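Below is one structure, written out as structure tokens; the observations come after it.
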Amino acid sequence: MRITEHPIIKFKRGKKVTIYFEGKPIEAYEGESVAAALIAAGIYVFRYSPRHKRARGLFCAIGKCSSCLMEIDGKPNQMACMVRVRDGMRVRRQKGKGVLDGD
Ligand code: FES
């Protein structure tokens, strides 16, 4: 799912890193968002809505809609489309409203 060539835009990929989605290693590149890495790995459901438990994923991709809220490194309500990957990052689907451990 990653674009490797484009007729107009040139890509300079960052260093390869590994993030962990619910414990599963996912290949990612420095500079790309968590959402981009997950979609490239075939993962489209980022959270489930609080009331009706509906699957949500990437929608606006510019940090305006909150459709992509995930738990990243233990912190809930992080916008996967805005957070850049970091080696060793731990990402989980968010179910319902995000709460910190101990809340
Ligand atoms: S997809 Fe809309 S805020 Fe991330």
Side-chain angles (χ1 to χ4, degrees):
M1 285 294 292
R2 267 193 189 90
I3 296 171
T4 55
E5 288 182 43
H6 192 276
I8 299 169
I9 303 168
K10 300 291 177 221
F11 294 97
K12 189 175 177 188
R13 248 190 235 305
K15 192 178 99 188
K16 192 183 280 190
V17 297
T18 302
I19 65 170
Y20 296 88
F21 173 72
E22 302 192 339
K24 179 182 162 202
I26 303 285
E27 179 182 283
Y29 294 90
E30 281 183 350
E32 71 182 2
S33 67
V34 170
L38 293 178
I39 286 175
I43 298 161
Y44 302 100
V45 176
F46 294 178
R47 71 178 182 105
Y48 292 97
S49 64
R51 188 178 303 165
H52 299 293
K53 317 292 184 239
R54 292 185 179 136
R56 298 286 184 244
L58 194 65
F59 185 66
C60 73
I62 56 171
K64 298 292 182 192
C65 73
S66 75
S67 182
C68 65
L69 295 180
M70 300 189 85
E71 186 182 306
I72 298 176
D73 285 338
K75 289 199 294 192
N77 299 319
Q78 303 296 303
M79 290 181 175
C81 70
M82 302 304 291
V83 176
R84 290 179 189 239
V85 296
R86 190 175 27 74
D87 196 33
M89 181 179 258
R90 306 240 167 226
V91 180
R92 291 176 25 149
R93 274 192 189 110
Q94 186 165 304
K95 296 175 179 82
K97 294 179 182 171
V99 290
L100 288 169
D101 285 343
D103 282 355

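Worth knowing before you read on, the calculation uses all heavy atoms, side chains too, and leaves out hydrogens, waters and symmetry mates. The structure displayed is predicted, hence computed values, not measured ones. Order of listing sets the numbers, starting from 1, for every ligand and every atom in it.
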Subject >> Over 12 foreign heavy atoms within 6.0 Å of CZ, F59 >> reply: no

**OP:** With rounding to the nearest 0.5 Å, note down the distance linking SG in C81 to CD1 in I62.
**Re:** 8.0 Å

**OP:** Using the test side chain to side chain contact (heavy atoms under 4.5 Å, CB included), find all partners of K10 that sit at least two apart in sequence or belong to another chain.
**Re:** none

**OP:** Just jot down the side-chain hydrogen bond (donor to acceptor under 3.5 Å, both in side chains) partners of R86, sequence neighbours excluded, or say none.
**Re:** D73

**OP:** Answer yes if M89 and I39 sit in the same cluster of Ile, Leu, Val, Met, Phe, Trp and Tyr residues linked by side chain heavy atoms under 4.5 Å apart, and no otherwise.
**Re:** yes

Original post:
Quick one: salt bridge (charged side-chain N to carboxylate O under 4.0 Å, His left out) pairs with a partner in residues 50-66, sequence neighbours left out?
Top reply: none

**OP:** For atom 2 (Fe) of ligand 1, check which protein N, O or S atoms are under 2.8 Å away and list them.
**Re:** C60 SG, C65 SG

